[in-house]
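What follows is one structure encoded as structure tokens, with my remarks underneath.
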Amino acid sequence: MKKLFYYADKYIEKSNWKDLAMLKLCLFAIGILGGMRIPEKNRKQAGWIAAAVFVATYIPLMAKFFSVIAQKEE
């Protein structure tokens with residue numbers, strides 16, 4: 001668990017405002033997918049939009065996170 005927090009701190013150090021904004025969008029999208037009550041007629045469209053936003057933000061965030069983990073200690 002300590003390693004995870006260490007990597008999270010390193011990630012935040014190497015992030016800029018765009019990365020943090022993407023992280024917030026990603027979390028918002030997964031929140032919509034996770035349980036927001038949407039009327040039946042709009043549920044499918046909202047789900048697809050949230051899934052697209054989640055995938056579009058999750059992939060670059062995880063790519064950067066794994067590059068931070070892969071870097072050698074300075």
Could you list all the salt bridge (charged side-chain N to carboxylate O under 4.0 Å, His left out) pairs where at least one residue sits in residues 49-61, not counting sequence neighbours? none
Mind checking what makes side chain to side chain donor-acceptor pair (under 3.5 Å) contact with Lys24, not counting sequence neighbours? none
Rounding to 0.5 Å, atoms CZ (Phe66) and OH (Tyr7) come to a distance of 11.0 Å
Which pairs with one or both residues in residues 49-70 pass salt bridge (charged side-chain N to carboxylate O under 4.0 Å, His left out), sequence neighbours excluded? Asp19-Lys64
Check residues 47-62 and write down every donor-acceptor pair under 3.5 Å in which the side-chain atom is one partner and the other belongs to a residue at least two apart or another chain.
from: Thr57; atom 1: OG1; to: Val53; atom 2: O; distance (Å): 2.9
from: Thr57; atom 1: OG1; to: Phe54; atom 2: O; distance (Å): 3.2

Side-chain touch Trp17/Leu20, heavy atoms, less than 4.5 angstrom: no
Contact between Lys10 and Gln71 at the side-chain level, heavy atoms closer than 4.5 Å - yes or no? no
Cluster check Leu25, Leu27: I/L/V/M/F/W/Y, side chain < 4.5 angstrom: no
With rounding to the nearest 0.5 angstrom, report the CD1 to CZ distance, Ile12 to Phe65. 10.0 Å
